[in-house]
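Here the structure comes first, spelled out in structure tokens, and everything after it is commentary.
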Protein chains: 2
Amino acid sequence: MVVVKMTEGVEWALHCCLDLAWAGDTPVPAARLAAHHGLPPAYLTKQLQALGRAGIVRSTPGPRGGYLLDRPPHTVTLMDVVAAVDGADPAFRCTEIRAGGPHTTRCAIDTAMARADLAWRRELAARTLADLDADVRRADPDAPAATRARLT
Amino acid sequence: MVVVKMTEGVEWALHCCLDLAWAGDTPVPAARLAAHHGLPPAYLTKQLQALGRAGIVRSTPGPRGGYLLDRPPHTVTLMDVVAAVDGADPAFRCTEIRAGGPHTTRCAIDTAMARADLAWRRELAARTLADLDADVRRADPDAPAATRARLT
DNA sequence: GACCGTATACTCGGATAAAATATGTCCGAGTCTGGAAGG
DNA sequence: CCTTCCAGACTCGGACATATTTTATCCGAGTATACGGTC
């Protein structure tokens with residue numbers, strides 16, 4: 001039961017997190033983030049709520065309110081975002097369909113899949129929002145400032 | 001749109017491929033494989049058909065018919081099986097929701113996710129059915145023969 | 001006794017439903033802003 | 001002119017529909033087998 005395809009919400013959440021990192025201390029409403037990316041506003045709030053429950057973003061209500069990053073960008077890994085939105089369930093959980101009663105050893109298939117899943121998570125955990133920011137600045141130094149100007 | 005959860009069919013397909021490797025040249029009907037694992041027989045055939053289209057297993061109709069592995073076990077990687085059942089679509093395909101018109105550079109998020117996906121696939125591609133067979137024999141040398149006896 | 005034709009039963013294969021999950025939408029609770037009245 | 005109060009509008013948050021994927025099932029097409037008849 002390993003999955004090879006992520007939900008759309010993960011992509012949106014990653015883009016929004018990067019946007020919020022660029023916005024700095026200025027709260028950005030979900031509606032503005034949605035308009036910026038051409039996404040359904042009402043559904044995007046669902047992903048942002050998940051990020052809020054995970055302690056990645058913080059929301060402030062009322063006028064001039066919105067979302068902002070609750071942690072320094074270099075402390076937020078891609079794995080954190082993925083786990084917050086798509087759930088932290090193990091990618092592959094062998095349901096033990098092997099015949100012959102209970103087994104004392106771990107299923108070889110489960111072990112192999114767990115190894116692959118671990119490699120995937122390790123890559124995601126090794127990369128933070130600050131790294132993404134650096135990558136973008138390297139390719140287009142003006143992009144962060146331009147995005148910040150549009151959002152705030 | 002990265003996914004963290006695979007479909008059930010992948011697990012079934014992997015177990016069945018290992019079973020077929022142990023069965024050798026004797027065709028095994030889908031119904032027997034399903035009964036051995038306590039699975040819905042009609043649905044398991046769907047996964048086996050996918051394996052057949054990928055050239056991993058071969059089916060022989062009529063009495064004494066069934067499925068058998070169409071390739072030596074050491075040439076069938078776990079990635080082959082996963083791709084056959086769950087599709088070979090990329091795990092994460094950035095839909096380019098970045099604002100500001102078409103971009104000349106690749107999305108940094110897409111790059112990072114592709115890197116993680118590649119690590120996952122590399123692990124799966126590095127492990128074959130023969131490796132799994134060796135793992136099982138190391139833990140329980142009698143298991144392959146016992147399974148073969150039950151299936152043939 | 002050996003060969004051939006035929007009926008049979010068993011196999012897969014794709015087309016067809018039901019369930020679960022992901023996607024998308026709505027309206028209510030809470031809160032900060034801004035202005036107006038009063039001191 | 002400064003302080004306080006109040007009304008308003010904007011924000012999020014969770015509960016409610018729709019669409020898509022996954023899971024599950026069925027019945028028909030095709031084929032190797034096994035038997036019976038024939039030479």
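Letters A, B, ... mirror the listed sequences (proteins, then strands); counts begin at 1. What's counted below: heavy atoms across the whole structure, side chains too, no hydrogens, waters or symmetry copies.
Computed from coordinates, the B/D86 CG to D/dT23 P distance equals 8 Å when rounded to whole Å. Per the geometry, OH belonging to A/Y43 stands 12 Å off C1' belonging to C/dT25, to the nearest Å. Distance CD (B/E8) to P (D/dT21): 19 Å, rounded to an integer number of Å. As rounded to whole Å, 14 Å separates atom C1' of D/dG14 from atom CD of A/Q47.
The side chain to side chain contact (heavy atoms under 4.5 Å, CB included) test applied to A/P61 returns no partner, not counting sequence neighbours. Listed by chain and number, the residues in a side chain to side chain contact (heavy atoms under 4.5 Å, CB included) with A/P63 amount to none (sequence neighbours excluded). When the side chain to side chain contact (heavy atoms under 4.5 Å, CB included) test is applied to B/A54, the partners found at least two apart in sequence or on another chain are B/I56, B/A84. Residues satisfying the side chain to side chain contact (heavy atoms under 4.5 Å, CB included) criterion with B/A125, sequence neighbours excluded, are B/M79.
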Name the pairs: protein N/O against N/O of nucleotides 10-16 of chain C, kept only if under 3.5 Å.
| from | atom 1 | to | atom 2 | distance (Å) |
| --- | --- | --- | --- | --- |
| C/dT11 | O4' | B/G62 | O | 3.1 |
| C/dC12 | OP1 | B/A30 | N | 3.1 |
| C/dC12 | O3' | B/S59 | OG | 3.2 |
| C/dG13 | OP1 | B/S59 | OG | 2.9 |
| C/dG13 | OP2 | B/Y67 | OH | 2.9 |
| C/dG14 | OP2 | B/Q49 | OE1 | 3.1 |
| C/dG14 | OP2 | B/R53 | NH1 | 3.3 |
| C/dG14 | N7 | B/Q49 | NE2 | 3.4 |

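Using five terminal pairs a side, the axes of the helix from C/dG1-D/dC39 to C/dG39-D/dC1 at its two ends make an angle of 10°, given in steps of 10 degrees.
Sorted by first and then second residue, the salt bridge (charged side-chain N to carboxylate O under 4.0 Å, His left out) pairs involving residues 123-133 of chain A (not counting sequence neighbours) are A/R127-A/D135, A/D133-A/R137. Counting only residues at least two apart or on different chains, the side-chain hydrogen bond (donor to acceptor under 3.5 Å, both in side chains) pairs with a member in residues 42-60 of chain B are B/Y43-B/Q47. Counting only residues at least two apart or on different chains, no side-chain hydrogen bond (donor to acceptor under 3.5 Å, both in side chains) pair has a member in residues 62-72 of chain A.
A donor-acceptor contact shorter than 3.5 Å is absent between the side chain of A/D86 and the backbone of A/A83.
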